Each structure stands twice: as C-alpha cells, then as structure tokens.
Amino acid sequence: MKIYIDGKFYKKEDAKISVFDHGLLYGDGVFEGIRSYSRLVFKLKEHIDRLFESAKSIMLAIPLNKEQIIKAVIATLKENKLNDAYIRLIVTRGEGDLGLDPRKCNGKATIIIITDKIALYPKELYREGLKIVTVPTIRNLPEALNPQIKSLNYLNNILAKIEAANSGCDEAIMLDSLGYVAECTGDNIFIVKDNHLYTPPQCMGTLRGITRDAVIEVAKKLKIGVHEHVITRHEVYISDECFLTGTAAEIIPVVKVDGRIIGSGKPSKTTLRLMSKFREITKKEGVRY
Ligand code: PXG
C-alpha cells in the first residue's frame, strides 16, 4: 500500500506526520471519504467541493487547487492499482506548537490520501438489516460546531457509536437539540411511509451526505415522492421501511429501532429497489482513471 503525503508516496510503515500536527493535537483539519467502483470515482467533484467548503469555514488554506487535488486522488488510486476503493482524503492544519493558535502553525496544511478496501458492515447485515438505537449524545449544534463541516474532530459521533455498542446495537440515531432525528454516526437516515421517502433537512444538525443526495436523485427518477422534513422517533417507529446512507456504508437497511420492529422486520421493497438502482449508477457514473 502506498500513501500520498504532500505530493510524495510512502509505504504504509513510512507514512508518518509530525506529532505537532494540529490535526493530531486538536482534530484541526477536514476530510472526505470517497469511493471508486470499477475505476470510476463516484461523485468526485461533489466530494472535492465539500472538502473546500469545510476548509473555507475553518479558514484552512488548502495548498492545492481542486484540479490538483483530483489529480492527486487519481494518482494515488493508480499507484495502488485499485479498481474498487475507499479513498480517505485528509487536510490538516499542519505542524504548529502546543498552543491552539493556528497562526503558530507553519502555514502549510498537510494533505494525506489513503486508498484501501473497506466494507463498513458485514455482508449479512445488508441482507438482514441493522438494529439501531437512539443514544443520549445529541448531534453537535450547528451554532457550535456545524455538522456540515466534515472536520477531523469526530468525538461527537464516536461517543454516540460507543453508546450504541454499549446497548448491543450496530448504529446510533443521534437527535438534534430539539429532539428530532438528525442522523447516525456516519450515515444519513431515511424512512419510507406509504411509498414516500422522508429524510431530515440538512439545516438541523445533519451532514448533507453525498450518498443521501444521490439516493434522492435516484428516488425521483423512480417517481418515488421525496420529502426533506423533520422526523420524530415516533415516525421512525411506525415507518414501513428505514435505511441509512453513506459513502462507506452505501445503502443499508434498518429493521429494528429502539426495540421496535420496523415494517415487516426484513429489508423491503423500496429499500431493495433503491439499493439495486444505486449499485447500477455507481457502475456507470464517475470520473474514470
Ligand atoms: N453523516 C455523517 C456524520 C458522516 O460522517 C455521512 C453522514 C454520509 O455522508 P456521505 O457524503 O458519505 O454520503 C457521513 C459520512 C464511518 C465513516 O466509518 C463515515 C463518514 C466518514 C468517515 C467514516 O462510518 N462520513
């Protein structure tokens, strides 16, 4: 495995950055998780745009432009001879001193690209569906650390993941400060009711997921009604189907929420239809390398 750091490739055991990097010291940086399928990078432009938006918000100057970052991602995929890959693109504030002040950093952000294969959940969970639970830790408030910023500080989500695991569940539903359903730890959430799709709007503590947007696009093509609307836990419990979306997880069915069986208790019609259509478009669309 070869890892890209600031324009050079390193073997995994040699891919190292400074312990003074503010990405490590403070989670001060941004990232993206991207996938490629059969040598097509899915929604690459959207991921790069979101990376630059996250960076702009935290006033982090990325030392390459969008074209150059795209070239670096493609070069890393080629270097690793990967046809299907999960790509982790990271930009940290760079090396500083032990204080918080980003002005003390050397002014040069660190760019890291790791390409690998990952399956987020075991195959059988895609067939059988996940059991998830609402956890006490709410999603970061947009007024504090806006979830639209895909920053390296994921403790909010990690705490929720720990709480889900403590309850013997595969994933966590995180609520927003008003108690509405926001999202899961690394995935957006959808429910199906009477053949219509519902997902929380992206303004209330929810990351605007690129898979979420792709699923909305696919659903509209299939003439399924889509509503970006606040969702309560009650609405999740009485839904016909529920599923999660994310680059790493893709589309994964949910069959139990807070001990309530969802619909038939098995991955059902609309979810399976969307999973199959999504798989189809990932084989056709994307930036070829
Ligand atoms: N919400 C959050 C909080 C995320 O971190 C998504 C939704 C889905 O977004 P995309 O654009 O990928 O459809 C994410 C995705 C993991 C993991 O291990 C997930 C993400 C990043 C890193 C790891 O589940 N982000």
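Whatever order the structure lists ligands and atoms in, that order sets their numbers, starting from 1. Model, not experiment: these values are computed from the prediction.
- Listed by number with element, the atoms of ligand 1 under 4.0 angstrom from any heavy atom of Phe31 are 21 (C), 22 (C).
- Proximity of Leu207 to ligand 1, defined as any heavy-atom pair under 4.0 Å, is confined to the side chain (atoms from C-beta onward).
- Taking a cut-off of under 4.0 Å to the non-hydrogen atoms of Thr247, the atoms of ligand 1 that pass are 10 (P), 11 (O), 12 (O), 13 (O).
- The shortest non-hydrogen separation linking Glu183 to Ile189 is CA-CG2, 4.3 Å.
- The two atoms that bring Ser239 and Cys242 nearest to each other are OG-CB, 4.3 Å, heavy atoms only.
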**Report entry** Steps toward side chain to side chain donor-acceptor pair (under 3.5 Å) verdict (Glu171, Tyr121)
**Finding:** CA-CA 10 Å; Glu171 245 307 337; Tyr121 299 108; 3.2 Å; yes
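- Scanning all protein heavy atoms for the shortest distance to atom 18 (O) of ligand 1 gives Leu120 CD1, 3.6 Å.
- In the hydrophobic cluster analysis, where Ile, Leu, Val, Met, Phe, Trp and Tyr join through side-chain heavy atoms closer than 4.5 angstrom, Phe9 is grouped together with Val73.
- Val91 and Leu60 get closest at one heavy-atom pair: O-CD2, 3.7 Å.
- Between Arg50 and ligand 1, at least one pair of N/O atoms sits closer than 3.5 Å.
- Taking 4.0 Å as the cut-off, Thr206 does not count as a neighbour of ligand 1 on heavy-atom distance.
- Ring geometry, His227 versus Tyr198: the interplanar angle falls under 30°, so the pair is classed parallel (tilted spans 30 to 60°).
- In terms of protein heavy-atom proximity, atom 13 (O) of ligand 1 is nearest to Thr211 OG1, 2.6 Å.
- Protein heavy atom nearest atom 9 (O) of ligand 1, with residue, atom name and distance: Gly209 CA, 3.5 Å.
- Contacts between Arg139 and ligand 1, counted as non-hydrogen atom pairs separated by less than 4.0 Å, involve the side chain only.
- The protein atom (non-hydrogen) at minimum distance from atom 23 (C) of ligand 1 is Arg88 NH2, 3.4 Å.
- Between His22 and Gly99 the shortest heavy-atom distance is CE1-O, 3.0 Å.
- By the 4.0 Å N-to-carboxylate-O rule, Lys108 lies too far from Glu95 to be salt-bridged with it.
- For atom 1 (N) of ligand 1, the nearest non-hydrogen atom of the protein is Glu183 OE1, 2.6 Å.
- For the pair Asp84 (side chain) and Ser38 (backbone), a donor-acceptor distance under 3.5 Å is present.
- At a 3.5 angstrom cut-off on N or O pairs, His47 does not count as close to ligand 1.
- Residue Lys150 places at least one N or O, backbone or side chain, under 3.5 Å from an N or O of ligand 1.
- Residue contact check: Asn188 has heavy atoms under 4.0 Å from atoms 7 (C), 8 (C) of ligand 1.
- For atom 11 (O) of ligand 1, the nearest protein heavy atom (residue, atom name, distance) is Ile210 N, 2.7 Å.
- Contact atoms of ligand 1 toward Asn157: 3 (C) (distance under 4.0 Å to a heavy atom of the residue).
- Taking the six-membered ring for Trp and thresholds of 30 and 60 degrees, Phe278 and Phe42 have ring planes more than 60 degrees apart, a perpendicular arrangement.
- Nearest approach of Leu82 to Tyr289, heavy atoms of both residues: O-OH, 2.7 Å.
- Polar contact with ligand 1: present for Tyr154 (N/O pair, distance under 3.5 Å).
- Heavy-atom minimum distance, Glu32 versus His47: OE1-ND1, 2.7 Å.
- The protein heavy atom nearest to atom 19 (C) of ligand 1 is Gly186 O, 3.6 Å.
- Short contacts between ligand 1 and Thr185, defined as distances under 4.0 Å to a heavy atom of the residue, involve ligand atoms 3 (C).
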